[in-house]
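Down below is the structure, laid out as structure tokens.
Please read all numbers here as calculations on a predicted model, not as lab measurements.
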Protein chains: 2
Amino acid sequence: MSQDASTFQSMANAIRALTMDAVQAANIGHPGMPMGMADVATVLYSDYLKFDPKDPQWPDRDRFVLSAGHGSMLIYSLLHLTGYAEPTMDDIRNFRQLGSPCAGHPENFLIDGVECTTGPLGQGLAMGVGMAIAERHLNAKFGDDVIDHKTWVLAGDGCLMEGINHEAIGIAGHLELGNLIVLWDDNNVTIDGSVELSSSEDVLARYEATKWHTVRCDGHDPADIRRAIVEAVSDPRPSIVACKTIIGKGSPNKQGTSGVHGAPLGENEVAAARVELGWEHEPFVIPDDIMANWRELGKRGGEANAAWKARLDASGKKADLENQLAGVADQAAPALEEHISALAKDPPKVASRKASEMALGPLTEKIPQLIGGSADLTGSNNTKTASTDPLTCGNYGGRYLYYGIREFGMAAAMNGMFLHGGVVPYGGTFLIFSDYARNAIRLSALQKAGVVYVMTHDSIGLGEDGPTHQPVEQVMSLRLIPNLNVYRPADAIETAECWALALQTPNTPSVLCLSRQNLPPVRGEGDENWTAASNRSAKGAYRLKAAGADRKVVLLATGSEVSVALDTAAALEAQGIGADVVSVPCQELFNKQDAAYKADLIPADALAVSIEAGVTQGWERYTGMNGLNIGLDRFGASAPAPVLFEHFGFSAEKIVPQILAKLAN
Amino acid sequence: MSQDASTFQSMANAIRALTMDAVQAANIGHPGMPMGMADVATVLYSDYLKFDPKDPQWPDRDRFVLSAGHGSMLIYSLLHLTGYAEPTMDDIRNFRQLGSPCAGHPENFLIDGVECTTGPLGQGLAMGVGMAIAERHLNAKFGDDVIDHKTWVLAGDGCLMEGINHEAIGIAGHLELGNLIVLWDDNNVTIDGSVELSSSEDVLARYEATKWHTVRCDGHDPADIRRAIVEAVSDPRPSIVACKTIIGKGSPNKQGTSGVHGAPLGENEVAAARVELGWEHEPFVIPDDIMANWRELGKRGGEANAAWKARLDASGKKADLENQLAGVADQAAPALEEHISALAKDPPKVASRKASEMALGPLTEKIPQLIGGSADLTGSNNTKTASTDPLTCGNYGGRYLYYGIREFGMAAAMNGMFLHGGVVPYGGTFLIFSDYARNAIRLSALQKAGVVYVMTHDSIGLGEDGPTHQPVEQVMSLRLIPNLNVYRPADAIETAECWALALQTPNTPSVLCLSRQNLPPVRGEGDENWTAASNRSAKGAYRLKAAGADRKVVLLATGSEVSVALDTAAALEAQGIGADVVSVPCQELFNKQDAAYKADLIPADALAVSIEAGVTQGWERYTGMNGLNIGLDRFGASAPAPVLFEHFGFSAEKIVPQILAKLAN
């Protein structure tokens with residue numbers, strides 16, 4: 001609806017007023033973006049965004065991503081004005097205070113209508129790419145009547161300057177995601193000052209080079225904004241709309257400067273802005289007529305939702321859609337029962353990356369929500385299966401993404417896909433390049449997005465590629481991220497068990513750390529009739545082998561070092577020294593066990609020895625200061641894996657003397 | 001020199017032969033790129049690259065960066081053929097074996113002529129940008145006669161697809177680094193297959209949008225390569241030369257496919273390639289005439305070097321240049337003596353980010369090699385000083401870089417600047433965004449590049465920006481990177497001490513973790529006549545306050561929690577419980593102390609308690625399993641810092657009861 005100019009302006013100014021008042025009350029925050037983009041946002045919510053404040057989870061809603069997350073008062077204002085249950089005006093008054101859903105940056109887990117957590121620049125846009133992929137995939141499965149919506153991203157110069165922008169728009173352009181529209185707050189100001197301080201780029205030319213449609217508009221002229229959005233909507237390519245705006249518009253003395261980006265206007269300037277805007281109302285007061293105009297937009301969305309529900313009912317696809325949108329947690333272990341039971345009968349000596357591929361066979365066959373992919377390492381990560389055809393611009397129904405050499409963009413897209421709903425993505429790269437994607441992995445954890453990272457080549461065991469490619473600190477450093485489960489399985493059966501667990505935690509992302517090199521089987525006996533209930537990895541650590549002789553030593557090991565621990569135990573037992581071997585596929589799950597279980601596994605009266613081909617710091621949690629930590633507290637080297645394992649001391653021959661010396665102390 | 005066609009071809013084929021034979025002998029490696037780019041490399045080394053095999057450290061040499069580091073046999077071949085002392089032919093025979101300088105990926109610390117360590121894609125090109133910046137800066141100081149060289153980067157599709165490429169070329173285009181030339185191995189093949197699987201980008205159009213000069217050539221036609229390079233050299237902008245090549249050229253049955261990227265050709269195909277190339281020589285044998293042609297190039301470089309040395313002698317700038325190229329380690333502590341001694345007289349309550357700025361005042365004033373910068377957070381990181389004018393395309397002599405919102409690109413550029421020599425870069429961002437730059441920080445450590453990262457807003461103490469911006473796991477996870485010193489100073493004096501230490505370790509990079517919020521002074525007494533010898537932070541940890549009553553407790557704390565530890569100690573002492581407070585500004589330095597020092601600081605008969613507003617795992621190294629770890633093993637929240645500190649338990653009031661309970665056990 002094209003409101004008259006005065007109505008439009010008062011609606012947009014409501015955003016500006018709420019923003020400057022909330023930031024002023026908090027005495028900290030970012031007024032510049034919401035005040036600058038208020039007009040664009042008002043047009044978007046008035047005429048284009050498909051949303052229903054009464055049903056924030058409406059599957060066919062448009063997704064709106066505030067990639068420039070520091071401008072959080074924009075989304076809080078919009079949610080309140082259009083009639084979402086939260087935030088209330090009290091929540092807005094408590095902007096940035098403990099307990100308010102109006103956090104400094106928008107957090108998807110605090111408030112409905114915030115589709116993803118943003119703030120770390122560039123990732124919102126990249127998550128938007130993932131949402132658009134998920135939408136096209138579900139559209140291909142369910143048709144236009146059921147799933148056909150857009151993803152709108154509001155991004156600033158920071159989002160566009162970050163490297164991840166290049167990766168994200170490369171994926172979107174290649175996949176021809178025409179349902180993705182980026183509204184760029186083209187205000188020419190960054191924190192340090194003018195964009196010209198640090199960039200000479202022609203942004204739109206770059207987007208065009210990446211196969212995007214581009215269009216410009218005056219971000220303060222509603223008709224011009226509409227013209228540009230209409231053009232963007234009609235173009236089959238993904239679109240970026242360069243909205244030329246004045247940062248902090250409405251603040252007569254500060255607008256257009258970097259000073260308004262991230263600091264309160266100050267009492268005097270807030271007063272001056274009220275005059276400038278013709279906004280005579282008290283702080284946190286929205287006059288009824290203006291509120292009614294906003295609420296009307298929400299109501300219209302409700303009608304659209306009702307129409308959609310009727311279409312869905314009539315389509316015969318309702319049950320299918322519900323199944324698609326349901327979680328996969330219950331399906332994972334049953335899908336693997338036959339596979340693991342078969343492995344138990346003749347346990348193979350395979351790399352755990354290969355074991356992962358073997359587990360993915362039945363998983364992807366039986367769980368249609370799984371969408372795989374790799375950052376150009378498909379044959380190395382072993383992520384593609386017979387059930388996963390490529391997802392391309394000609395076949396959105398496919399289930400395998402060639403993400404290209406774009407680890408960060410892949411991880412963020414995976415987050416967006418998961419948060420969209422209806423799909424559960426897993427994606428691979430070398431474990432070392434978790435570094436490249438690290439902050440997106442962190443955002444998986446913060447956002448409670450249960451994606452699965454398949455990270456292969458997990459230690460010096462990758463051999464000749466050398467220290468740039470050998471993870472040394474990555475396994476432990478990923479363990480430090482809250483709400484992230486890091487698995488390092490020891491053989492084919494443990495790998496399948498870890499896959500089951502990874503899919504059983506929809507609110508916790510997982511990293512599977514997998515070997516390049518073959519691993520001898522350490523399991524099999526007793527696993528012949530495997531079920532979820534018999535998943536020995538489920539407690540994070542378990543006694544793989546009990547001491548024969550009097551127990552003096554407990555060896556804790558993960559992944560490829562579990563077999564080294566078994567060798568070490570055998571050598572100790574040969575000398576009459578009893579040694580348990582405890583496999584620790586997941587420290588996070590073990591940390592959650594009760595004290596009795598922990599004390600049984602790691603009793604105080606035995607020497608605790610950790611063996612892992614990575615940094616030792618962190619293992620003292622389990623071994624204490626008087627234990628022994630066998631690891632690698634330096635970078636690796638380029639040589640064949642067996643040479644490196646021997647050179648760096650990962651062999652029973654090298655470890656036993658250290659244990660004997662410690663026992664003798 | 002334009003060799004006749006047959007001579008040229010035999011020289012290029014020498015690279016191909018060495019490559020395929022070395023990879024075959026190792027039975028692992030990447031023949032595709034060196035065989036594809038052999039012709040381009042031969043042109044470059046024949047006619048354009050300024051180098052002297054007898055003087056690999058020649059300050060005015062061109063820098064050659066093999067950003068596509070997996071093609072390492074290209075650089076090993078070139079170094080051997082042109083007459084560098086290493087690699088010997090035996091080294092090449094031992095490609096990828098333990099002890100050979102010919103590692104899987106080129107390592108700057110193993111062999112001269114390898115300017116930086118590459119393999120993690122995209123970073124070589126970004127380091128090349130840093131080298132080109134350093135060159136222009138020194139050129140501005142010393143003039144064309146003394147410093148005037150180019151940086152050549154050989155990059156593949158992976159380097160160009162990675163996000164860091166966008167950041168790196170943005171910096172280079174903005175700074176008009178015309179001395180930087182990228183040779184793109186445009187072979188249209190990635191690991192997963194054709195580039196078209198994952199990208200639809202017009203690469204050159206993107207570079208043009210970022211203010212680069214672009215040109216194409218046939219990468220197998222020497223004349224055409226020369227034409228393109230001449231055009232690139234003459235253009236004032238940075239240049240990318242798209243060299244259309246056939247990956248694995250010379251392998252008749254595998255060239256042009258992804259199969260030749262990263263696997264040996266196989267004995268039969270090696271034999272077939274010998275026929276195809278007309279190369280009749282045994283493996284690892286280079287005929288004398290071909291070797292002589294290559295060695296001639298090295299000799300010519302020696303003559304150029306001699307001419308340069310004569311110019312330098314005549315210039316009157318020799319001593320100045322030597323000073324510029326010398327390390328800064330000896331200058332750091334003296335530059336801070338006056339500053340710290342003054343602080344001691346009236347210790348200020350300031351944020352450690354502010355304290356860092358205060359220390360940078362005298363440091364940048366007195367140490368001309370220091371070049372500062374920030375990823376668009378200058379006013380927040382407090383990295384700019386009165387001595388550091390902006391380094392811009394109009395003023396390369398400046399010493400402050402506005403890197404833009406490009407953390408990864410900044411970090412990699414800093415590595416390149418340091419490795420170029422003559423400058424010591426420091427650069428700032430928020431600590432949380434160390435995640436974005438993490439693999440470049442790792443490469444600082446691996447490459448022994450003593451750069452300094454100024455990472456501010458180091459905990460929940462940043463307050464209202466909330467969990468996306470609050471480092472929780474970053475401090476500990478950075479500590480896990482080998483050869484990286486992570487400092488978290490407690491007040492203004494410790495901050496200055498840590499700055500001194502950071503600059504005193506030219507082979508070890510440093511991260512300074514600094515607070516947003518003000519910190520009460522904990523030091524001062526005894527620091528009135530500060531010298532390097534009295535730097536109490538130098539051992540990584542020291543007893544800040546000795547127990548008054550009988551010592552029962554030792555409190556270990558860092559940064560903003562040191563004052564919490566002092567409060568806690570005071571509360572314990574008030575109850576007659578003696579408590580030491582140990583400040584731990586740098587775990588890595590403390591780890592290097594002898595057992596006696598460690599036992600004196602953390603005696604076995606006291607309860608050890610760590611206090612740090614971050615994840616606890618890792619602290620057990622110092623407290624044991626029976627100690628107490630006060631930390632934050634979850635994400636933070638959005639609220640004012642004092643509220644968060646109280647909420648998450650960082651106060652004497654919340655900590656003392658936990659200690660009493662532990663003592664009572």
Quiz item: Is it the side chain or the backbone of B:His70 that comes within 4.5 Å of chain A heavy atoms, both, or neither?
Solution: neither
Practice problem: Scan side-chain atoms only and decide if A:Gln587 and B:Gln617 contain a donor-acceptor pair under the 3.5 Å cut-off. | Solution: yes
Quiz item: So which part of B:Glu176 gets closer than 4.5 Å to some heavy atom of chain A, the side chain, the backbone, both or neither?
Solution: neither
Exercise. State, yes or no, whether a side-chain contact exists between A:Thr117 and B:Thr468 at a heavy-atom distance under 4.5 Å.
Key: yes
Exercise. Check each atom of B:Gln447 against the heavy atoms of chain A and say whether the ones under 4.5 Å are side chain, backbone, both or neither.
Key: neither
Exercise. Give, as side chain, backbone, both or neither, the part of B:Ala445 having an atom under 4.5 angstrom from any heavy atom of chain A.
Key: both
Quiz item: Side chains of A:Arg621 and B:Thr616: closer than 4.5 Å at any heavy-atom pair?
Solution: yes
Exercise. Consider only side-chain N and O atoms of B:Tyr436 and A:Gln123, and report whether a donor and an acceptor are under 3.5 Å apart.
Key: yes
Quiz prompt | Modelled atom types, side-chain donor and acceptor of A:Arg438 and B:Ser434, under 3.5 Å | solution = no
Practice problem: Sort B:Leu110 into side chain, backbone, both or neither according to what part of it lies under 4.5 angstrom from a heavy atom of chain A. | Solution: neither
Practice problem: Find out whether A:Glu107 and B:Ser638 are in side-chain contact, i.e. whether some heavy atom of one side chain is under 4.5 Å from a heavy atom of the other. | Solution: no
Quiz item: Can you find a pair of side-chain heavy atoms, one from A:Ile405 and one from B:Leu160, that are under 4.5 Å apart?
Solution: no
Exercise. Select one option (side chain, backbone, both, neither) describing which atoms of B:Leu443 are under 4.5 Å from chain A's heavy atoms.
Key: side chain
Self-check item: Spatial distance of atom OG1 (A:Thr378) from atom CD1 (B:Ile191) [nearest 0.5 Å]
Solution: 9.5 Å
Quiz item: Atom CD in B:Gln474, atom CG in A:Leu480: separation rounded to 0.5 Å?
Solution: 9.5 Å
Quiz item: About how many Å separate CG of A:Leu121 and CD of B:Glu407, when rounded to the nearest 0.5 Å?
Solution: 7.5 Å
Practice problem: Side chain from CB out, backbone as N, CA, C, O: work out which of these in B:Ser100 comes under 4.5 Å of a heavy atom of chain A, or both, or neither. | Solution: neither
Self-check item: Euclidean distance, B:Thr210 OG1 relative to A:His166 NE2, rounded to 0.5 Å
Solution: 9.5 Å
Quiz item: Among A:Asp435, A:Asp192, A:Asp633, which has the most heavy-atom pairs under 4.5 Å with chain B?
Solution: A:Asp192
Quiz item: Tell me, which pairs form a salt bridge (charged side-chain N to carboxylate O under 4.0 Å, His left out) where one or both residues lie in residues 464-475 of chain B, sequence neighbours left out?
Solution: A:Arg96-B:Asp465, A:Arg442-B:Glu473
Quiz item: How far does CG of B:Asn439 sit from CD1 of A:Ile432, to the nearest 0.5 angstrom?
Solution: 6.0 Å
Quiz item: Taking C-beta and beyond as the side chain, do B:Met161 and A:Glu167 meet within less than 4.5 Å on heavy atoms?
Solution: no
Quiz item: Could you walk me through whether B:Ser200 and A:His174 pass the side-chain hydrogen bond (donor to acceptor under 3.5 Å, both in side chains) check?
Solution: CA-CA 5 Å; B:Ser200 303; A:His174 181 66; 2.6 Å; yes
Practice problem: Please confirm whether B:Phe408 and A:Phe408 have ring centers closer than 6.0 angstrom. | Solution: no
Quiz item: Given a strict heavy-atom distance threshold of 4.5 Å, which part of B:Leu377 is in contact with chain A: side chain, backbone, both, or neither?
Solution: both
Self-check item: From NZ (A:Lys211) to OG (B:Ser199), nearest 0.5 Å
Solution: 8.0 Å
Quiz item: Is B:Ser198 close to A:Tyr403 at the side-chain level, that is, under 4.5 Å between some pair of heavy atoms?
Solution: no
Quiz item: Is any side-chain heavy atom of A:Glu162 closer than 4.5 Å to a side-chain heavy atom of B:Arg406?
Solution: no
Quiz item: At a heavy-atom separation under 4.5 Å, does B:Val615 approach chain A through its side chain, its backbone, both, or neither?
Solution: side chain
Quiz item: Is a side-chain N or O of A:Gln97 found less than 3.5 angstrom from the main chain of B:Ala639, in a donor-acceptor match?
Solution: no
